[in-house]
Visitor: 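Before we start, here is the structure in question, set down as structure tokens.
Bear in mind the structure is a predicted one, so any value in this text is a computation, not a measurement. First the proteins, then the strands, lettered A, B, ... as listed; each starts at 1.
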Amino acid sequence: MTQIAEVVVDVPTMQTNTPYSYEIPAALVNQLQPGMRVVVPFGNGGRKVQGFVWQINEDAKPNPEVTLKSIDTVMDPAPIVNTELMQLSKWLANTTYAFTITCLQTMLPNALKAKYQKWVSPTAQLPETIRVSLFGDQSELLWDDSLPADTVKQLLSLNRQHLINVRYEVSSKSQVKKVMMVKPALSPEKLSVVRTELRKTAVKQAALIDFLIANSKAISQTELERTVGVSSSILKTAETNGWLTRQAVEVYRDPFQTAVVKTKPLQLNPDQNKAVNAICAATDEGQARNFLLEGVTGSGKTEVYLQAIANALSKGEQALMLVPEISLTPQIVGRVRGRFGEKVAVLHSGLSGGERFDEWRRIQRGEAQVVVGARSAVFAPLTNLGVIVVDEEHESSYKQDDNPRYHARDVALWRGRYHQCPVVLGSATPSLESRARAEKNVYTRLLLPNRVNHQQLPQVSIIDMTEELRHHKESNFSSGLLQALQERLNRGEQSLLMLNRRGYSSFVMCRDCGFVLQCPNCDISLTLHMDTKTMKCHYCGHEEPIPHVCPNCHGRHIRYYGTGTQKVEQELTELLPTARIIRMDVDTTRRKGAHERLLKQFGDHKADILLGTQMIAKGLDFPDVTLVGVLNADTALGLPDFRASERTFQLLTQVSGRAGRAEKPGQVFIQTYNPEHYAIQLAKTQNYEQFFVREMQLRHRGNYPPYFFAVKVTASDVDERKAAEAMVKIVRQLKTVLSPQAIILGPTPGAIARVNKRYYYQLVIKYKQEPQLRDALFTILGQAQKQSRNGLQIAIDRNPMSFM
DNA sequence: AGCACGCCGACT
DNA sequence: GTCGGCGTGCTC
């Protein structure tokens with residue numbers, strides 16, 4: 001009787017997207033469990049790959065057709081993927097058209113990904129001269145892409161002649177951080193004796209021994225070196241002399257720099273109370289109920305989350321809270337940690353690989369009961385969930401834009417079902433999908449209609465910029481907004497200014513011939529960056545100097561157009577010379593921690609005006625901001641995408657909520673060229689319900705989500721014709737399986753036809769029910785794989801965030 | 001992905 | 001005549 005392990009190997013292709021059978025060696029028979037990582041031989045070379053044990057067949061009858069290979073080694077003492085996450089990975093792979101292995105890797109911290117190394121060593125037959133020239137006095141040589149091409153050729157040839165050996169090494173990227181701890185090995189009395197026997201000149205040693213006499217507790221080596229002022233060589237001598245012992249101790253890297261300030265639950269208003277009770281009831285009864293918590297900014301959603309989480313914890317269960325990356329600020333983390341202290345683990349992109357891995361291990365070992373994090377935290381290995389929260393559920397950053405193209409909200413709902421616990425989706429402006437589901441009672445709607453402390457909503461003014469242009473000279477600031485800014489300056493209050501960056505940035509154009517500088521790799525204009533004095537491509541990173549002479553007509557009349565944050569800042573300094581301005585955009589926040597630093601400066605009143613892009617609209621809470629200005633509300637409206645209105649409405653509503661959160665009333669100015677547009681008019685009154693009704697009618701008429709499902713298929717290739725041809729073939733293939741009710745849009749060139757020297761073509765399928773579509777798309781993916789060697793790439797995006 | 005096998009052009 | 005270029009198929 002042989003035991004057979006089904007292993008999912010780390011080879012992300014369509015053809016290998018199935019478990020492979022391996023014999024379990026006798027030594028591992030009772031040790032191996034599903035969810036462990038193993039090293040297995042794969043392929044006809046001596047190649048070794050990492051794999052995940054998927055299943056173990058106790059007494060399988062081996063297929064006589066194939067002789068099984070045997071598992072090499074086990075990489076984990078215990079499974080690192082539990083049963084739930086194994087099932088989840090299968091579901092993910094099926095719904096997102098991704099490979100199982102890719103899904104497994106996505107769920108785990110990067111530190112657990114395999115690291116592959118190839119080592120070569122000489123055989124006895126290898127001529128001495130070659131051995132010396134290749135290996136010198138080393139016994140092994142690392143074979144990677146850093147080797148010169150001719151060395152690789154030589155190695156390849158020697159390998160064919162069996163003159164060298166190749167060893168494949170698979171290891172984990174993970175490293176457990178260890179700290180060297182130092183402790184006296186002798187009693188203070190004995191150390192005093194040692195002290196007297198030292199030579200007079202041994203000042204450092206004397207200092208060290210004095211310290212050891214006074215402190216018998218273990219101390220980290222670095223700290224000891226710093227406090228006593230001794231070097232590591234002195235410590236080594238001390239160790240050999242038997243005065244002290246050194247031991248490496250495993251530690252967690254601590255991602256929290258700030259201390260926790262304990263907070264107490266706040267008094268709830270009746271609406272909050274109702275919401276908390278409903279969620280708690282579901283937790284208590286173990287019901288997988290889903291809630292849509294609708295509440296304007298300042299209505300106290302976070303307090304509802306925190307009390308629902310507290311209830312789950314009191315029942316001995318755990319909680320998961322997802323927050324969009326951009327609003328995962330120290331403010332939010334601090335609030336959760338303030339309530340739940342050491343029980344909280346945080347997962348976000350600001351952590352280093354090691355910190356992330358350590359937080360993950362704390363969760364996996366059951367040392368953290370509450371997890372707060374961005375998109376990928378939805379895979380946190382909590383085993384006893386009592387409640388899941390998805391804050392700002394409408395945020396598009398919950399959708400991952402490469403494989404697997406999952407939506408964290410969908411994963412959260414899946415896990416809620418698995419754990420039989422409630423999922424709370426919170427937003428001031430829910431996605432149409434979620435709001436529509438609430439309409440059909442798939443979700444239970446919970447409303448927080450009032451701001452806490454009965455604050456009034458800010459007064460919103462819409463400014464018609466076409467009108468404004470007729471009376472004044474060209475400017476980014478209407479006279480109304482400028483006057484309001486001046487008033488804030490006089491009163492010592494703060495203002496937020498948002499520049500809607502999407503599809504709108506500064507470029508240079510020749511006034512003589514109209515030439516616009518384009519990226520050589522992508523079909524897009526280069527953007528002007530004054531800080532580095534260069535032109536940059538936002539898609540591929542290409543950079544070149546600002547031209548002084550037109551490359552086309554050689555004229556000298558180059559002019560800057562459009563509006564970037566830098567240009568606005570410049571104009572603002574001219575208009576309001578006394579104003580202190582902080583600019584926040586991709587350029588000023590690129591460095592780690594810069595984002596937080598700028599926000600703190602603003603919070604500390606080091607500036608009067610915070611000028612920025614979308615990133616200033618989310619999750620900020622500055623009590624002294626009484627004015628919010630949106631400089632260009634409608635740049636997103638012009639985009640040919642079915643979600644353009646929804647995005648604009650959400651953004652305007654959200655940024656308006658930033659004004660006047662304290663006792664001081666807030667004021668909002670929205671500058672636009674489309675003052676009559678419903679998304680803008682309804683954002684003015686914060687009328688989500690009416691926007692929902694209106695937008696749903698349009699979606700219905702256009703057969704858009706949530707009335708129809710959608711799948712976007714993209715083909716890309718360096719050769720434009722190949723991408724287009726592939727697309728045409730796919731359409732033909734799909735038409736044979738699709739019902740007449742399905743609607744195919746395209747194929748069309750991508751919104752930016754060329755990115756990074758690759759041409760993009762795409763196609764959107766809108767459908768209600770197409771039982772054959774899934775299989776057909778998997779088939780297409782399989783066929784595409786065969787061509788991928790020639791550079792053709794196919795991407796399938798189910799429920800895309802946009803059709804562009 | 002990455003390895004071996006197999007078929008064609010440019011050399012010793 | 002062989003070496004090594006890359007196109008093709010397969011991996012328990």
Side-chain angles (χ1 to χ4, degrees), chain A residues 1-25 28-29 32 34 36-74 93 98-106 113-120 130 142-171 173 402-404 717-719 722 781-795:
Chain A
M1 179 190 94
T2 31
Q3 280 202 1
I4 290 176
E6 306 275 295
V7 175
V8 176
V9 293
D10 183 14
V11 182
T13 65
M14 201 69 229
Q15 300 108 71
T16 52
N17 190 25
T18 174
Y20 283 72
S21 306
Y22 285 88
E23 198 179 294
I24 303 176
L28 297 179
V29 161
L32 211 61
M36 287 177 172
R37 291 173 307 156
V38 288
V39 176
V40 292
F42 195 70
N44 42 9
R47 186 153 85 114
K48 301 278 194 328
V49 299
Q50 190 187 71
F52 288 83
V53 178
W54 190 248
Q55 206 185 319
I56 289 174
N57 298 332
E58 289 295 342
D59 42 9
K61 36 185 189 316
N63 182 352
E65 309 269 305
V66 280
T67 43
L68 296 188
K69 287 184 179 173
S70 198
I71 288 181
D72 230 60
T73 51
V74 190
F99 309 125
T100 312
I101 189 67
T102 317
C103 294
L104 284 166
Q105 315 252 42
T106 305
K113 260 205 197 151
K115 190 173 100 187
Y116 295 103
Q117 281 187 327
K118 222 162 91 175
W119 294 90
V120 256
I130 301 180
L142 181 63
W143 183 347
D144 63 12
D145 358 317
S146 69
L147 290 180
D150 45 344
T151 312
V152 172
K153 269 182 205 163
Q154 192 185 6
L155 287 174
L156 241 24
S157 157
L158 291 172
N159 194 25
R160 264 193 302 274
Q161 301 165 61
H162 304 287
L163 291 173
I164 51 171
N165 293 317
V166 181
R167 183 173 67 87
Y168 294 81
E169 191 180 276
V170 183
S171 57
K173 278 187 190 150
D402 45 46
N403 288 330
D717 198 296
V718 280
D719 182 350
K722 274 192 194 155
L781 216 49
Q783 292 163 345
Q785 192 106 86
K786 287 177 188 136
Q787 292 176 65
S788 66
R789 270 217 193 63
N790 313 323
L792 181 77
Q793 282 171 20
I794 303 285

Visitor: Output yes when a side-chain donor or acceptor of A:Q161 lies under 3.5 Å from a complementary backbone atom of A:S157, and no otherwise.
Guide: yes

Visitor: Select from A:R47 and A:N159 the residue whose nearest nucleotide in DNA chain B is closer to the 5' end of that strand.
Guide: A:R47

Visitor: Can you tell me how far P of C:dG4 sits from CG of A:L155, to the nearest Å?
Guide: 13 Å

Visitor: What is the nucleic acid contact for A:Q15, judged by heavy atoms within less than 4.0 Å: base, sugar-phosphate only, or nothing?
Guide: base

Visitor: Taking the side chain of A:K153 as heavy atoms from C-beta outward, which of C:dT11, C:dG4, C:dG5 is closest to it?
Guide: C:dG5

Visitor: Specify the separation, in whole Å, of atom CD1 of A:I24 and atom C1' of C:dC12.
Guide: 13 Å

Visitor: Counting only side-chain heavy atoms from C-beta out, which of C:dC10, C:dG5, C:dC12 sits nearest to A:K69?
Guide: C:dC12

Visitor: Could you state the CG-C1' distance from A:N44 to C:dT8, rounded to the nearest angstrom?
Guide: 13 Å

Visitor: Whole-Å distance between C:dC12 P and A:D10 CG?
Guide: 15 Å

Visitor: May I have the distance from A:H162 (atom NE2) to B:dA4 (atom C1'), rounded to whole angstrom?
Guide: 11 Å

Visitor: Side chain of A:Y168 only, heavy atoms from C-beta on: which candidate in C:dC10, B:dC3, C:dC12 is closest?
Guide: B:dC3

Visitor: May I ask you to say what A:P19 touches in the nucleic acid, namely base, sugar-phosphate or nothing, with a heavy-atom cut-off under 4.0 Å?
Guide: nothing

Visitor: Answer yes or no: is there a donor N or O on one side and an acceptor on the other, between the side chain of A:Y22 and the main chain of A:V53, under 3.5 Å?
Guide: no

Visitor: Take A:L142 and A:Q117 through the test side chain to side chain contact (heavy atoms under 4.5 Å, CB included) and record every step on the way to the result.
Guide: CA-CA 7 Å; A:L142 181 63; A:Q117 281 187 327; 3.9 Å; yes

Visitor: Measure from the side-chain heavy atoms of A:V11 and tell me the nearest of C:dC12, B:dC3, B:dA1.
Guide: B:dA1

Visitor: In whole Å, what is the span from the CD atom of A:Q161 to the P atom of C:dC3?
Guide: 9 Å

Visitor: Please tell me if A:K48 has a side-chain N or O lying less than 4.0 Å from either OP1 or OP2 of B:dG2.
Guide: no

Visitor: Check the distance between B:dC3's C1' and A:F42's CZ and give it to me in whole angstrom.
Guide: 11 Å

Visitor: What's the closest nucleotide to the A:K118 side chain, out of C:dG4, C:dC12, B:dC3?
Guide: B:dC3

Visitor: Could you pull out all residues at least two apart from A:Q793 that satisfy side chain to side chain donor-acceptor pair (under 3.5 Å)?
Guide: none

Visitor: Starting at atom CG of A:N17, determine the distance to atom C1' of C:dC10, rounded to an integer number of angstrom.
Guide: 16 Å

Visitor: Looking only at heavy atoms, which two atoms of A:V49 and A:Y116 are closest? And how far apart?
Guide: CA-CE2, 3.7 Å

